[in-house]
Amino acid sequence: MPPAVCQPKWARFVCSVIEDSRAIPQAHALMILTGFLARPNSPGRLIAAYGRSGNLAAARVVFDALPQPTISSWNALIIAHLRNDSPVDVLHLYRRMISEGGVRPDSSTFTIALKACTQLSDLDAGEQIRSHAYDLGFQNDVFVSSSLLNLYAKCGKLIEAVEVFERMPRRDLVSWTTMITGFYSAGKSIEAIDSYRKMRAEGVEGDEIVMVGLLQACAAMEDVRTGASIHGHMIRLDMRMDVVVETSLIDMYAKSGYLSLANVVFERMRNKNVVSWSSLISAYAQNGFANEALLMLVRMQDFGFLPDSVALVSALLACSQIGFLKLGKSLHGFVVRRKLKVGMILGTAVIDMYSKCGSLLSARAIFDRLSSRDLIAWNAMIACYGIHGNGKQALSLFLEMKETELKPDDATFASLMSAFSHSGLVNEGRRWFNCMKIDFGLEPGEKHYACMVDLLARAGHVEEAFDLIQTMKIKPGIAIWVALLSGCHIHKKLELGEYVAENILKLNPHDLGVYSLVSNMYASARNWNKVQEIRRMMKMMGMKKTPGYSLVELDGKFHAFLAEDNSHPEYLQIMAMLERLECEMRKIGYIPKIELVLHDLQDDVKERMLLCHSERLAIAFGLLNTGAGMRILVIKNLRVCEDCHDAIKLISRITNREIVVRDAKRFHHFNDGACSCGDYW
DNA sequence: ATAGGGTTAG
């Protein structure tokens, strides 16, 4: 034992050195030599220091050497495990402490144990801890209560959470914040904002952490007004803006569609981390700016940040949107090389990327390799088969899923029904549409009805489709009537068609495509007055057609084509190619469907317009710039017209190429004069 | 001595 006079010195020395993780072992040795370790709180300090430095093993050695660990040592050891992401061990140690007896757990013991339960979403363990804490008289402890409140809220037990909150004798900023984020994570954003108002009414001042919760709630509601006013409030009060707050601001602006504001916040950040970069990438990807998202992925690496799985998921989403298979593949490779765990979210993103880039088989291979699959993963894979027009596979996957303990939801059925509608599987469609309601208790929504009407009407069961619409509890929207109308058009049900057309016009559609469908209907019925009227309506309303465009990738660069687009540098070669092809096509029976062109023009001008549809320009460009036998992938934002569909089939045969076109609804794999959709689109 | 509330993704 050192002389008593030395102790304060030792204490100061040990305490200062213990903050430096490299010096902990030396401090440890000194503490043993000097007997300092025998002081009541010293082992706790040492264990905590080892815990902070991530050296759990050493923390345990110190603890195990204690003849009679005090509560501070127990707590320090438990906290060390919580800090090092071992919530399972936290509960383990907690139970060991209880069963070994000798110490009385205190408020922080319960607090930590409850936090571990929250991380594990283990409500049962939480209940045990709660009852133990209450037995020992901690029911009014703010720390225990807010930890319990958090556990309930994060596990979706909102009623219990509110109960705990209301029983608290004293509510401080932390308990309010817990309640607010609890409401947010239970999907009750309005209640979250309301709670904040109540908190202020009780005179509690907010800090930057509670603002994060509020911003998340605003983001969920896409309420930029409230979000921006919170932002302003923070600036006025000169609150500390740390990375987390700023990232929440970026997310709030992005989710509300204000990308430029999100970008301003991002550019002004003094400290950026991987999360802030990821949130910006996600902002761009979610708003359809694939190019910007991918640029940011590159830029973050220039700034020394390695993309984490969140950034990769967003980048994969961007690849899906534009059909960037090459980059998607190399991102997948990056994931494998970095040995990132391909969890469900990343796995589903990879599946979605392969599928939307036309590689259905790769998508399935990844799906089969996932170690666990949740509902979203299954839904995504079923949707893959759907957009590729493979209804039978979609169904068999659905049946496989039914055998798991997962419960199909409305998204599952939306994917399944759309798969049926893309494959013309009428009987299966009828059967599972009814099953959805009867066996699964799911009320079909707009999407499900639209698929069913489309399926029935196009298969010729127009009246049945019409009857189905009559039984709907919700008011049928434009999509449903349009599905019925195209069925009427195909099957020449002119009388019903005119009635449906009237219904559609009453709903004031804003899409010019809908008007041309209606106009075509009237033209088939030889109702020229109506055709004229619609033409006048279209002019009067000054409606612009959504410009159709097609994308094709070459050497990592994307080339975009509009219809009749002469701006591309290779325009002349492209046109020459298309004319050459048309000549060949006519020899094997191609007749341009000039009736699809609505304008009052000479026939040869109409033919020319068809020839210059964006997908054909993109395909010709692809043919010109890729070697024989290479597959061509074209992404189109609108649907492929009937004439292009015919034409591309012939082009695939003449050029002996596999041509894949992804349009607004689905994939068309053209090969040797045929299309995978079998003209069913 | 230690402890409760916060950011991004399919």
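Numbers restart at 1 for each chain; the letters A, B, ... are given by sequence-line order, proteins then strands.
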Notebook entry, point to check: Does CZ in A/Phe289 sit with more than 12 non-hydrogen atoms of other residues, nucleotides or ligands closer than 6.0 Å?
Noted result: no

Notebook entry, point to check: Can A/Arg130 be said to sit on top of A/Tyr134's aromatic six-ring, NZ or CZ under 6.0 Å from centre and within 45° of the ring axis?
Noted result: yes

Notebook entry, point to check: Just by protein heavy atoms under 4.0 Å, how would nucleotides 1-6 of chain B read 5' to 3' in B, S and -?
Noted result: BBBBBB

Next item on the list: Please report, rounded to the nearest Å, how far the C1' atom of B/dG10 is from the CZ atom of A/Phe367.
Entry: 13 Å

Next item on the list: Check the distance between B/dT8's P and A/Met269's CE and give it to me in whole angstrom.
Entry: 13 Å

Check: Can we say A/Glu202 and A/Lys198 salt-bridge, meaning some charged N sits less than 4.0 Å from an Asp/Glu carboxylate O?
Finding: no

Notebook entry, point to check: Is the distance between the ring centroids of A/Phe138 and A/His132 under 6.0 Å?
Noted result: no

Next item on the list: Examine A/Phe110 together with A/Phe143 and report whether their ring centres are nearer than 6.0 Å.
Entry: no

Notebook entry, point to check: Given atom CG of A/Leu340 and atom C1' of B/dA9, what is their separation to the nearest angstrom?
Noted result: 13 Å

Next item on the list: Can you sort out which residues in residues 274-283 of chain A have a heavy atom within less than 4.0 Å of DNA chain B? Ascending by number, please.
Entry: A/Val275, A/Ser278, A/Ser279, A/Ser282

Note to self: Between A/Ser86 and A/Asn84, is there a side-chain donor-acceptor contact under 3.5 Å, judged purely by atom types and distance?
What the structure shows: no

Next item on the list: Determine yes or no for a side-chain-to-main-chain donor-acceptor pair under 3.5 angstrom, with A/Asn287 supplying the side chain and A/Ala283 the backbone.
Entry: yes

Next item on the list: Decide, yes or no, whether a salt bridge links A/Lys356 with A/Asp352 under the criterion of side-chain N to carboxylate O below 4.0 Å.
Entry: yes

Check: For the pair made of CE in A/Met344 and P in B/dA9, what is the distance, rounded to whole Å?
Finding: 16 Å

Next item on the list: Kindly indicate, with the supporting measurements, whether the criterion side chain to side chain donor-acceptor pair (under 3.5 Å) is fulfilled by A/Ser256 and A/Asp223.
Entry: CA-CA 6 Å; A/Ser256 321; A/Asp223 180 357; over 6 Å; no

Check: Roughly how many Å is it from CE in A/Met296 to C1' in B/dA9, rounded to a whole number?
Finding: 18 Å

Item checked: Interatomic distance, A/Asp308 CG vs B/dG10 P [rounded to whole Å] -> 13 Å

Next item on the list: Kindly confirm or rule out a cation-pi arrangement of A/Lys272 over A/Phe305, judged by NZ or CZ under 6.0 Å from the six-membered ring centre and within 45° of its axis?
Entry: no

Check: Where along residues 251-266 of chain A does a heavy atom fall under 4.0 Å from DNA chain B?
Finding: A/Asp251, A/Lys255

Checklist line | Contact summary for A/Leu136 and A/Arg104, nearest pair of heavy atoms | finding: O-NH2, 3.4 Å

Margin query: Given the structure, check if the side chain of A/Ser248 and the base of B/dT7 hold any donor-acceptor pair shorter than 3.5 Å.
Written below: no

